[in-house]
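Since the structure is predicted, the reported quantities are computational estimates derived from the model, not experimental observations. Residue numbering restarts at 1 for every chain, and letters A, B, ... go by the order of the sequence lines.
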Amino acid sequence: MANSLYLIGIGGTGSKVLEAVTQMASVGLFRGIPVRMLFVDADETNGNLTRSRTTLQECNQVRPALPWLNTTELEDYGLWSPFSNLPGSKRLDNFFDYNNLKANPATGGEPDDRAKLGYLFDVLYTEAERKASLDVGFRGRPAIGSAIMSQINLSRLSEKPWSTLIQRIQAEVGGGKRPSVLLVGSIFGGTGASGLPTIGRLLINKLAAEKITNVQVGAIFLLPYFQFLPNTEQQEIYARADQFGLNTESALRYYLGQASGVFSQVYLMGSPNRSEYSFSTGKEDQRNQSHLVELYGALAARHFVEQGNVAPGQSEVILMTRQKDKSISWGDIPAIGNARQLLSQSVRFAYLWLDSFYPSLKQAASQNTRDFLKANPWYGSFFKAGMFSGNLPGLDASQLQEAKAVAILCENLWRWVSDVQRNSSPEQVALFRCPPLEKLGQGMNGEMLAELVVGRTTTQEQKKEDQVGSIKGWLQSYRAERGGVRELVQRLYERCA
Amino acid sequence: MKPNELIRAIAITIVGIGLMVGLQPWLFYSETIFLGDVDLEDWFPQYQIGTWVVLAPTLMVSLIWLLATSTIKPKGGNVDVSTWRVLWFLLFLFPVLAICAALYFFNPSDAALIWLVVFYTVDVLCLYWLVTVTSTPGAYVYVPPLGLFVRRLLR
């Protein structure tokens, strides 16, 4: 088996990149590469985090129903919060025992050291920042996050799930493998900006302390790619989009001055054309739509596994460019791990399955088999339908369960791709022409297949081949070996290349 | 239309035409089937006209059916079997009416009547039903009557 990829998503944006990796893994981008994910967030009910973990769980739930589906093993190590196992409320003043620091303020004479710390605290943080509840994360304030993260020490990495992750890495290294560890987060927000270099450095120190070598550790720094209007009614501390640029500059300066050399490879990605998101302080409401930059994050993860092996002391600069400003087309998607082919083939398959074949199978299950077969002759190539069916299986409950599992995977992929297409504005993403998910299976019958992928070279002959009738005619003539949903899915997928 | 379907259609048509213009007339002309109520020299030309009255529309409706099913693509590859089955039977009416016309206008022999009914029926079944049930292309493959049985037998 190939070397594993350990992904650590820090903050809400980090979890969105992990969601993108899950989706790209489902199309086969990480085939043969086990991917293990750990989420780091102070905001345990963050909407982005919840959605990412739900997607991962759904993918893992349906995989047992499809043992023949050659997708990546995706392991979820769960969520770790810097506040876990710590007593008291999640406030900066509680975290640093501020009230006791100022318990004996100076009265006339020189303040003691503890009181001096308290005064320093007053200089660094406003009262609002000291008292803000950090249940919703670090509120887009790297200064708050840094203070919390700086208190994490090596012993915290002995807690679960870190201990599980490190033991797994140790086992793989012991087995002669070279696993890759990639940390992902934004450097313009709160959790990511404060957590990325800190957790990276701690992890490397922990691995060294455990004498685990031969592990490459990299990072994806997400630069600003979205913004939101401030909520002027908001009285509490909150993230401010107008400070993203400043936060980014400070974080990069810190990394260059204090933390360069921590990671063997660093990927920087963002967009000058920022998308508009709705304001949220955090928790379930912070549920930003998927974005193109996260897709690039997933591609960077794939690149890191294959090519992140930079020799010590060496540095490498790789630039990603595009053909037109404010526009992304297939030529702008790097050909890493055959990403273009896999993504377009999978989306075409998902469309065919959701719009034509899965609704047909559901109809077949509720109708007389002979009547259905007369109208859909392709069905008899894969399922038992009266005489001369050989050893083909009937469309029973287990077959329908497999068909439904495939549909769930396809729906997840469709939703994500549609989000990326629709919500990366002002970036024009010209990859697919995706009809809304709710319109699939409602009468189009797969007729949009030929136009689904933007720029797909099609002659008249190829357009004819992309007609659903033509595909069904081809399936009609097919001689299945085992039949069933499995073989139908495999043939359809191949046909969508 | 697949090559084997085309070959089947042509082969069965040739056999059907051979039956109509070769074997069946020979059975009358050689008096294997004896017609005692008419002079064969007077009856035979009428019989031949009647044969063409049945043959021509039968060939035509077979051709119409095969052309229609080859060129009209069903939406999403799903065939409305009921509608197309009705169309098949509507086309079938033409050879049936042609048989009636041939028997009424071009057969003065009562002795030949039953034989002509049998022969013309076999001819139409061969040239229309058998051609369409074995050679209908694409998604319409099971529309002709008994198509499900015959085509799966041929697979």
Side-chain angles (χ1 to χ4, degrees), chain A residues 351-361 363-364 367-390 392 440-450 463-480 483 492 495, chain B residues 1-12 62 64-92 128-155:
Chain A
Y351 173 69
L352 264 189
W353 190 254
L354 293 174
D355 198 45
S356 182
F357 284 87
Y358 181 54
S360 290
L361 289 179
Q363 188 186 355
Q367 200 177 329
N368 177 278
T369 303
R370 281 170 59 90
D371 289 342
F372 183 80
L373 178 63
K374 283 180 194 171
N376 300 274
W378 61 267
Y379 178 85
S381 296
F382 297 91
F383 299 97
K384 195 182 191 67
M387 289 185 290
F388 315 117
S389 290
L392 296 178
L440 299 185
Q442 302 300 326
M444 271 190 292
N445 288 312
E447 295 300 323
M448 274 196 65
L449 183 67
K463 278 185 183 160
K464 259 174 61 176
E465 292 290 311
D466 261 358
Q467 298 295 320
V468 172
S470 174
I471 293 171
K472 286 181 175 174
W474 174 72
L475 291 173
Q476 192 177 318
S477 310
Y478 178 75
R479 295 287 178 271
L492 269 180
R495 180 64 187 240
Chain B
M1 204 173 184
K2 285 188 267 186
N4 58 348
E5 287 167 341
L6 186 61
I7 290 169
R8 273 201 294 264
I10 293 171
I12 294 170
S62 289
I64 289 171
W65 174 261
L66 293 177
L67 277 175
T69 51
S70 296
T71 53
I72 300 173
K73 301 297 175 198
K75 190 167 185 269
N78 303 326
V79 171
D80 182 351
V81 175
S82 322
T83 303
W84 280 86
R85 183 69 65 86
V86 166
L87 180 64
W88 188 92
F89 278 107
L90 279 175
L91 288 173
F92 185 54
Y128 183 60
W129 174 76
L130 195 59
V131 166
T132 56
V133 84
T134 56
S135 306
T136 296
Y140 303 98
V141 62
Y142 298 138
V143 171
L146 295 181
L148 194 52
F149 174 78
V150 172
R151 293 305 289 268
R152 286 170 77 74
L153 186 65
L154 287 175
R155 258 169 85 104

B:Leu6 meets the side-chain contact (heavy atoms from CB on, under 4.5 Å) criterion, sequence neighbours left out, with B:Met1, B:Ile10
Turns out that what part of A:Leu373 lies under 4.5 Å from chain B's heavy atoms comes down to both
Checklist line | Within-4.5 Å side-chain heavy-atom neighbours: A:Leu361 and A:Phe382 | finding: no
Heavy-atom nearest pair, B:Gly76 first then A:Val468, reads O-CG1, 3.6 Å
Nearest heavy-atom contact between B:Ala139 and A:Pro377 is O-CG, 3.4 Å
Checking the side chain of B:Trp129 only, and the main-chain atoms of B:Pro145 only, is there a donor and an acceptor separated by less than 3.5 Å? yes
Less than 4.5 Å apart, side chain to side chain, heavy atoms only: is that true for B:Val143 and B:Leu87?
no
Would you mind checking chain B against chain A for donor-acceptor pairs under 3.5 Å and listing them?
from	atom 1	to	atom 2	distance (Å)
B:Lys2	NZ	A:Ser477	OG	3.2
B:Lys75	NZ	A:Gly443	O	2.9
B:Gly76	N	A:Glu447	OE2	2.8
B:Gly76	O	A:Lys472	NZ	2.7
B:Asn78	OD1	A:Lys472	NZ	2.8
B:Asn78	ND2	A:Asn445	OD1	3.4
B:Val79	N	A:Ala375	O	3.3
B:Gly138	O	A:Gln476	NE2	2.8
B:Arg152	NE	A:Met387	O	3.2
B:Arg152	NH2	A:Ala385	O	3.3
B:Arg152	NH2	A:Met387	O	3.2
B:Arg152	NH2	A:Ser389	OG	2.9
B:Arg155	NH1	A:Gln476	O	3.3

